[in-house]
2 protein chains.
Amino acid sequence: MIEMDQRVVDQQCPIRDVLDRIGDQWSLLVLAALQGGTKRFNELMREIGDISKQMLSQTLKRLEQDGFVLRTLFPEVPPRVEYALTDLGRSFLEPMGGLVRWADTHHQSIVAARRQYAGRITEATA
Amino acid sequence: MIEMDQRVVDQQCPIRDVLDRIGDQWSLLVLAALQGGTKRFNELMREIGDISKQMLSQTLKRLEQDGFVLRTLFPEVPPRVEYALTDLGRSFLEPMGGLVRWADTHHQSIVAARRQYAGRITEATA
DNA sequence: CTGACATGGTCTAGGTATTGGACCTATGCG
DNA sequence: CGCATAGGTCCAATACCTAGACCATGTCAG
């Protein structure tokens with residue numbers, strides 16, 4: 001069995017703490033976007049597409065706070081702000097890569113499961 | 001570089017689709033709880049602790065829909081329902097284990113980053 | 001016989017989070 | 001002057017989530 005035990009479910013555990021942070025709607029996406037290199041705020045907005053300014057701002061703030069991302073403000077006008085992954089952030093790309101590879105490999109099974117489920121529902125209500 | 005490219009950020013891509021599903025507040029936790037074996041509804045409630053019935057119900061329904069979890073209803077009174085991981089669900093434990101290991105290893109760095117950030121803020125506003 | 005209890009949910013009311021859009025700063029450009 | 005630009009913040013409206021009441025039905029205590 002994989003090294004993942006009861007602690008995951010314990011509300012006080014470090015793993016839960018980390019999972020709660022990255023397990024939100026946007027953090028993984030922002031990290032994925034930054035994986036391509038340093039990016040500016042609006043660049044991230046465009047790239048992710050359907051994230052609101054406020055959420056992007058908040059997500060970046062939390063990622064910065066937790067040490068995944070480095071924020072650099074160039075005091076020009078209009079201001080320029082660059083976001084880049086820290087070493088910690090880059091190290092996170094590895095387990096995240098595993099997740100992404102899994103998603104890529106098993107996506108078909110998931111789509112199939114959804115179709116089958118929809119089928120079952122239709123049957124049941126018919 | 002890890003095999004994770006621009007597609008991650010594309011809203012139509014399979015990876016994004018999967019990430020959106022597991023990237024909610026509870027899915028990972030439920031999967032972690034089920035990793036220990038078949039569980040009943042209230043057992044999951046107790047184990048996770050701070051999840052509401054509605055969210056647990058909804059999360060389980062989605063996980064079932066996507067083929068991660070198998071739901072078995074025993075038509076007794078009071079009804080008994082058991083939730084177990086499918087093969088797909090079990091296969092997901094592997095990349096998830098990577099994530100958990102990373103969290104465990106780097107938690108200290110994150111806590112340190114938070115402390116440092118708090119320090120900086122205090123400085124800036126002082 | 002009456003009534004409480006148990007399970008696995010669903011429904012509703014109220015609170016919290018998220019969204020889209022207006023607005024702000026300050027300068028350069030026509 | 002007046003608009004554009006970059007990176008946000010603020011607010012109102014909306015979506016989401018929570019706690020708790022409620023449902024069905026059979027079993028067991030009294």
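Quantities reported herein were computed from a predicted structural model and do not represent experimental measurements. Letters A, B, ... are given to chains in the order of the sequence lines, protein chains preceding strands, and every chain is numbered from 1. Values below: every heavy atom of this structure, side chains too, minus hydrogens, waters and symmetry copies.
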Review point. Considering residues at least two apart in sequence or located in another chain, which fulfil the side-chain hydrogen bond (donor to acceptor under 3.5 Å, both in side chains) criterion with A:Asn42?
Key: none

Point to revise | Partner set under side-chain contact (heavy atoms from CB on, under 4.5 Å) for B:Arg62, not counting sequence neighbours | key: B:Arg21, B:Asp24, B:Ser27

Revision key, fill the gap. A:Glu64 meets the side-chain hydrogen bond (donor to acceptor under 3.5 Å, both in side chains) criterion, sequence neighbours left out, with B:Arg120

Name the atoms and distances for all side-chain donor-acceptor pairs under 3.5 Å in residues 70-79 of chain A, with sequence neighbours left out.
{"unit_1": "A:Arg71", "atom_1": "NE", "unit_2": "A:Tyr83", "atom_2": "OH", "d": "3.3"}
{"unit_1": "A:Glu76", "atom_1": "OE1", "unit_2": "A:Arg80", "atom_2": "NE", "d": "3.4"}
{"unit_1": "A:Glu76", "atom_1": "OE2", "unit_2": "A:Arg80", "atom_2": "NH2", "d": "3.1"}

Revision key, fill the gap. Each nucleotide of nucleotides 2-9 of chain D classed B (base within 4.0 Å of a protein heavy atom), S (only sugar-phosphate) or -, in 5' to 3' order, makes ---BBBBB

Practice item. Walking along DNA chain C from 5' to 3', note the first and the last nucleotide with an atom under 4.0 Å from a heavy atom of chain A, and give both. Key: C:dT18 to C:dT27

Check your understanding: Under the side-chain contact (heavy atoms from CB on, under 4.5 Å) test, which residues partner B:Thr105, sequence neighbours left out?
Key -> none

Check your understanding: Expressed in angstrom and rounded to an integer, what is the separation of B:Leu56 atom CG from D:dT18 atom C1'?
Key -> 14 Å

Point to revise | Protein-nucleotide distance (A:Met55, atom CE; D:dC16, atom C1'), rounded to Å | key: 13 Å

Study note, to complete from the structure: Taken to the nearest whole Å, CD/B:Gln25 to C1'/D:dC16 is 12 Å

Check your understanding: Any ion pair linking B:Glu82 and B:Lys39 (charged N to carboxylate O, less than 4.0 Å)?
Key -> no

Review point. What residues, two or more places apart in sequence or in another chain, satisfy side-chain contact (heavy atoms from CB on, under 4.5 Å) together with A:Ser52?
Key: A:Gln54, A:Met55

Point to revise | Listed once per pair and sorted, the ring pair (Phe, Tyr, Trp, His ring centres under 6.0 Å) pairs that draw on residues 30-68 of chain B, sequence neighbours left out | key: A:Trp102-B:Phe68, B:Phe68-B:Phe92

